[in-house]
Amino acid sequence: MEPAPLATVDLGEWTALAAAAAEPNGYYLPDWERAVNAQAEGRGEALALAGRSPQENLIALLPAVPARRAFGLPLPALVSADPYGVLGTPLLDAQDPVAAARALIAAGRAARAGCLVLRDVPLEGKALAALRAALAEDHLAPSILRSYARAALDATQDADAALRAALGARKLKELRRQANRLADHGEVAFAVAQTPREVAVALETFLQLEASGWKGRRGTAIAMRAGDAAFLRTAAVALASQRGCEIATLSAGGAPVAAGIVLRHRDRAFWFKLGIDERFAQQSPGVQLALHLTRHFCADRQIALADSTAAPGHTMIEPIWRARLMLGDVLLPLERRGFAVPFTSAALRLRHRARQAARATLTRLRRP
C-alpha cells in the first residue's frame with residue numbers, strides 16, 4: 001500500500017506528535033517540512049510514513065521518498081525526505097518510543113518497502129535506540145552505511161568558560177582585536193529576531209547577505225531560487241509564532257555584517273544557515289556571530305544543545321563548538337530474507353564511495 005502524500009497528514013496530529021517527540025528535529029516540524037514539501041525546488045511530493053497506536057493516534061512520522069527519487073537508483077527502499085536541512089530523525093512519541101518505532105516499522109512493511117534508509121540521523125540518539133530495540137524483537141538490526149561527526153555546543157555550561165576552553169586566551173584576544181576593528185565602522189550590535197514580524201524583516205537581511213557572497217556568485221544562494229525563498233519566508237514566519245525560529249544579526253554602524261537562521265525544537269537549537277558581508281572578512285563576521293550565539297544559547301535555559309548542522313570538518317565552527325554529534329546514514333531492514341536489504345546496502349555503499357572519490361578528484365583539480 002502506497003503511503004499517503006505528506007500534505008494529507010493532519011496538522012493538529014503532527015503538531016502534537018512534534019511537541020511530544022522523543023528526540024528533537026527542527027527540520028521535521030510541520031510548519032517547516034510542509035513548506036519545504038509545497039514550495040522548495042526538487043523537494044516536493046514527499047510521502048508520510050505514519051505509525052499509529054491501537055487507538056489510531058499518530059505516534060510516529062517519517063516524511064519519506066522512494067529510493068529512486070532520493071538516489072536515482074531503483075532500490076526497494078523508502079528514504080527519509082530531504083527537509084532542506086541535514087537531519088532525518090523520525091518523530092517518535094516519547095511516551096513509549098519503542099512502541100512508536102514498532103508502528104513506524106509496521107508502516108514501512110505495509111508500504112511494501114524492503115528497508116528504510118534514514119539519512120543524517122544521530123547514531124546515539126533516542127530515536128535510533130528505539131528503532132534498534134523494535135527491530136531486535138524480530139531478530140533484525142540496523143546497518144550504518146556511513147558515519148561522521150559534526151560540531152555542537154553543550155549549552156548547559158558557562159559560555160565564557162566554554163569559549164576560553166575551546167579557543168584559548170591568545171585566540172580570544174585576536175578575536176577581540178577584530179571586534180574592535182569592526183567597531184571602527186560604528187557601534188557593533190547583536191540582535192535576535194523572535195516575533196513573526198521581526199523574523200520576516202531579519203530574513204530579508206539574511207537573504208541579501210547570503211546572495212552577496214560566494215553563494216550568490218556560484219548561483220546557489222536561496223534568494224536566487226524563487227521556490228526556496230518562498231518556502232523559507234513561509235516556514236520562518238510560521239515557526240516564529242511558536243518560537244520555533246529566530247534570526248540572529250550582527251551589525252556595525254547600523255549595517256548588517258552577519259546573520260544566522262536558527263530553528264528550535266524542545267531543548268535543542270539548530271543553526272540552519274549563515275550569511276555574511278564578505279567586505280568585512282578581515283574582521284571574521286561569521287566567527288563574531290558564532291561567539292554571540294554561543295553566549296545567547298548558554299544563557300537560554302530552554303536550550304541544552306545547539307547543533308551546528310555544519311559539514312564535518314567545518315573550519316569556522318568546529319574550533320568554537322567542541323562537542324560532537326555522531327550522525328550517519330542508517331539502513332533499517334524490514335525483512336529477514338530476500339534480496340532487498342543486501343542489494344540496497346551494497347548499492348548505497350558503492351554510491352557513497354563513488355561520491356567520495358569524485359569529491360576528492362574535484363578538490364585536487366581546484367587546487368592552484
Side-chain angles (χ1 to χ4, degrees), residues 149-194 198 201-218 221 246-262 269-300 303 305-325 366-368:
R150 74 179 177 213
L153 170 70
D154 175 1
T156 64
Q157 58 188 323
D158 176 77
D160 290 328
L163 291 172
R164 283 194 300 271
L167 296 170
R170 180 177 296 180
K171 181 61 176 178
L172 284 173
K173 182 179 179 180
E174 170 63 15
L175 289 170
R176 283 194 295 270
R177 185 193 67 78
Q178 291 178 346
N180 291 334
R181 296 290 70 79
L182 193 59
D184 291 342
H185 300 276
E187 181 184 0
V188 175
F190 172 73
V192 180
Q194 295 177 327
E198 291 170 346
V201 173
L203 178 57
E204 299 308 315
T205 297
F206 164 82
L207 291 172
Q208 291 172 13
L209 284 172
E210 189 194 42
S212 72
W214 64 267
K215 288 186 179 181
R217 294 191 295 274
R218 190 175 288 181
E246 55 190 25
I247 300 180
T249 305
L250 187 69
S251 60
V257 298
I261 300 175
V262 174
F270 305 88
W271 190 348
F272 170 56
K273 292 286 184 182
L274 168 68
I276 66 169
D277 187 333
E278 293 180 356
R279 294 175 298 177
F280 296 86
Q282 291 186 343
Q283 287 80 53
S284 303
V287 175
Q288 300 292 342
L289 183 69
L291 300 182
H292 283 282
L293 273 175
T294 300
R295 297 184 180 99
H296 171 65
F297 291 138
C298 288
D300 189 332
I303 298 299
L305 185 80
D307 182 349
S308 71
T309 68
H314 196 283
T315 56
M316 187 277 282
I317 197 62
E318 286 201 351
I320 305 171
W321 290 4
R322 291 302 183 95
R324 295 292 180 264
L325 285 173
R366 284 178 174 173
R367 287 175 184 161

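In what follows, every heavy atom counts, from backbone to side chain, and hydrogens, waters and symmetry copies are set aside.
No side-chain heavy atom of Leu274 sits under 4.5 Å from any side-chain heavy atom of Ile317. Within the 4.5 Å cutoff, the side chain of Arg295 has heavy atoms near those of the Leu163 side chain. The shortest distance between side-chain heavy atoms of Leu209 and Thr249 does not fall below 4.5 Å. Residues Gln288 and Gln283 form no side-chain contact, since every pair of their non-hydrogen atoms from C-beta on lies 4.5 Å or further apart. By the 4.5 Å heavy-atom criterion applied to side chains, Leu153 and Cys298 are counted as neighbours. In this structure the side chain of Phe297 reaches within 4.5 angstrom of the side chain of Trp321, judged on heavy atoms. Between Phe190 and His296 there is a side-chain heavy-atom pair separated by less than 4.5 Å. Residues Leu289 and Trp271 are in side-chain contact: their nearest non-hydrogen atoms beyond the backbone lie under 4.5 Å apart.
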Exercise. Can you check side chain to side chain contact (heavy atoms under 4.5 Å, CB included) on Ile247 and Thr205, steps first, answer last?
Worked result: CA-CA 10 Å; Ile247 300 180; Thr205 297; over 6 Å; no
For this session: Go through the steps for Lys173 and Arg176 under the test side chain to side chain contact (heavy atoms under 4.5 Å, CB included), then give the verdict.
Result: CA-CA 5 Å; Lys173 182 179 179 180; Arg176 283 194 295 270; 3.9 Å; yes
For this session: With side chain to side chain contact (heavy atoms under 4.5 Å, CB included) as the test, would you mind laying out the steps for Glu210 and Lys273 before giving the verdict?
Result: CA-CA 9 Å; Glu210 189 194 42; Lys273 292 286 184 182; 4.3 Å; yes
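With salt bridges taken as basic N to acidic carboxylate O contacts below 4.0 Å, none links Glu174 and Lys171. With respect to the salt-bridge test (charged N to carboxylate O, under 4.0 angstrom), the residues Arg150 and Asp307 qualify.
Annotation: the span from Arg324 atom CZ to Arg322 atom CZ amounts to 7.0 Å, rounded to 0.5 Å. Here Glu246 contributes atom CD and Ile261 contributes atom CD1; the two are 11.5 Å apart, rounded to the nearest 0.5 Å.
The neighbour count for Arg279 CZ, taken as heavy atoms of other residues, nucleotides or ligands under 6.0 Å away, does not exceed 12.
Counting only distance, with no hydrogens or angles, the side chain of Glu198 and the backbone of Gln194 share a donor-acceptor pair below 3.5 Å. Side chain of Thr309 to backbone of Phe270: no donor-acceptor contact under 3.5 angstrom is found. Here the side chain of Glu278 pairs a donor or acceptor atom with the backbone of Trp214 at under 3.5 angstrom.
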